[in-house]
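Below is one structure; the comments refer to it alone.
Each chain gets a letter, A, B and so on, in the order its sequence line appears, and its residues count up from 1. Note that these values count all heavy atoms, side chains included, but never hydrogens, waters or copies made by symmetry.
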There are 2 protein chains.
Amino acid sequence: MKQAKISEAVVRRLPVYLHVLNELQRSEIQTVSSQDLGQRLDLNPAQIRKDLAYFGEFGRKGIGYEVSYLIEKIRQILKLDQQLNVALIGAGNLGQALCNYNMYIKDNMKIVAVFDAHPAKIGSKINNMTVLDMEHLKPTVESLDIRIGIITVPAVEAQNVADKLVSSGIEGILNFAPAILKVPEQVRIHHADFTTELLSLAYYLENGADNNDDDKVVD
Amino acid sequence: MKQAKISEAVVRRLPVYLHVLNELQRSEIQTVSSQDLGQRLDLNPAQIRKDLAYFGEFGRKGIGYEVSYLIEKIRQILKLDQQLNVALIGAGNLGQALCNYNMYIKDNMKIVAVFDAHPAKIGSKINNMTVLDMEHLKPTVESLDIRIGIITVPAVEAQNVADKLVSSGIEGILNFAPAILKVPEQVRIHHADFTTELLSLAYYLENGADNNDDDKVVD
DNA sequence: TAGATTGTTAATCGATTAACAATC
DNA sequence: TAGATTGTTAATCGATTAACAATC
């Protein structure tokens with residue numbers, strides 16, 4: 001059974017499913033239906049079933065999905081069944097905040113090295129890690145088997161850092177800088193640029209005077 | 001002049017256009033074609049033209065778009081032509097990092113108040129703002145005309161904070177906590193949850209040995 | 001003018017939703 | 001069994017892309 005090409009939209013929903021499933025497990029709920037998941041996530045049950053079916057048959061007809069089994073499967077799909085080492089570049093407030101998120105451990109993602117270009121930062125400690133000089137990037141990526149890089153430097157430095165990550169052999173980048181980065185095709189880049197979300201949020205604010213309720217939804 | 005319903009995908013691209021246009025302006029480029037914009041953003045030129053055409057006729061046939069005019073128009077559409085006041089809840093590392101982003105000023109978005117529930121934080125200074133008790137949320141929102149709230153508290157506290165933001169009269173929320181929040185329909189909520197981006201990034205990493213389409217994943 | 005480029009309609013592509021046989 | 005729910009195909013919906021007349 002070869003996998004059809006799976007769209008990004010599908011892949012992006014998997015972590016969301018995982019998140020709810022983890023909550024269900026914490027509540028000691030054993031089994032869940034696509035119906036129920038759909039309600040909790042505001043998604044169509046058929047979509048959830050279809051998403052999961054791309055990867056295998058994880059449910060049981062008439063019953064639903066076993067929570068722990070589905071968690072296990074989604075974690076496999078997302079490659080979270082192995083530890084994934086991450087490097088973080090940019091030891092500012094944002095970088096420190098990310099380092100402190102211990103959520104990584106649960107998901108087998110771990111920031112194992114922190115880098116910065118500024119002498120003032122180098123040598124300081126974040127979460128028991130010593131901030132390293134950029135010179136150490138490539139050797140560290142190689143010796144610690146780091147596969148993902150997180151960029152938390154200012155926008156002007158972001159492309160430069162991305163280039164260095166690429167040539168150090170990283171496979172994926174999560175970019176927090178509000179900048180459009182060019183990387184070779186084989187390197188996957190995801191954006192965590194909240195400015196887009198914030199500015200587009202403004203669009204939906206009421207305009208004081210004119211409330212256009214021409215698209216009012218009734219259910 | 002009542003506009004057709006505009007999809008979220010379109011609205012979400014506007015800040016991206018704005019970003020590139022700002023860069024062009026800094027380079028003192030006066031005029032840009034959809035072709036050119038498309039190249040810079042890896043988007044189809046027809047899509048860019050169509051997106052913009054939802055809001056008006058901003059270009060000139062045979063010429064393209066005047067950069068400064070288009071910036072002005074997009075800022076109007078996104079309601080960034082007026083100052084938008086923002087409250088931030090959660091004065092941890094992430095909250096501090098966001099406060100320090102001075103990008104807001106350029107875009108007329110400004111964090112004008114910071115709140116935290118923990119006595120240790122209250123009264124401390126961030127970016128010249130005193131961190132306030134949550135008790136002050138509603139009166140401050142009203143007196144400073146705050147319309148957007150940013151949530152940077154831990155996941156377990158996020159729903160509680162969201163509720164308080166809603167009842168204080170906020171119109172939009174940007175949520176950084178990895179939690180699914182329930183808010184009334186009239187409040188717009190956007191997610192800046194990078195964990196989704198990070199976990200879905202893992203999916204695209206190479207599987208070491210097998211990256212061919214004819215190998216199925218079996219346990 | 002001739003070349004370039006918009007705004008917009010039509011065509012295509014892809015993603016979501018509905019429907020239902022299979023089956024627990 | 002009868003009710004519930006999956007996996008999957010077919011139908012629908014929406015978004016992207018192509019094409020082109022209008023026109024700067």
Is it true that atom CD of A:Q83 has more than 12 heavy atoms of other residues, nucleotides or ligands lying nearer than 6.0 Å? yes
Does a side-chain N-to-carboxylate-O contact under 4.0 Å join A:R75 and A:D81? no
Could B:E8 and B:R188 be called an ion pair, given the rule that one side-chain N must be under 4.0 Å from one carboxylate O? yes
B:S34 side chain N/O closer than 4.0 Å to the phosphate oxygens (OP1, OP2) of C:dT5? no
Give a yes/no on whether any side-chain N or O of A:Y65 is located under 4.0 angstrom from OP1 or OP2 of D:dA4. no
Can B:R12 and A:S200 be said to form a side-chain hydrogen bond (donor to acceptor under 3.5 Å, both in side chains), step by step? CA-CA 6 Å; B:R12 217 171 285 263; A:S200 64; 4.8 Å; no
Does the side chain of B:D51 come under 3.5 Å of the side chain of B:Q47 through a donor N or O and an acceptor N or O? no
Donor on one side chain, acceptor on other, B:T140 and B:E142, under 3.5 Å: no
Range-with-range stems of DNA chain D (Watson-Crick or G-U pairs under 3.5 Å, three or more in a row): C:3-24 with D:3-24
Within the 4.0 Å limit for protein heavy atoms, which parts of nucleotides 16-24 of chain C are touched? Write it as a string from 5' to 3', B for base, S for sugar-phosphate only, - for none. BBBB--BBB
Assign each of B:G56 and A:E8 to its nearest nucleotide of DNA chain C by heavy atoms, then name whichever residue's nucleotide is nearer the 5' end. B:G56
Answer yes or no for A:K73 and A:F55: cation-pi contact, defined as NZ/CZ to six-membered ring centre under 6.0 Å and angle to ring axis within 45°. no
Between atom CZ in B:F55 and atom P in C:dG7, what is the gap in whole Å? 13 Å
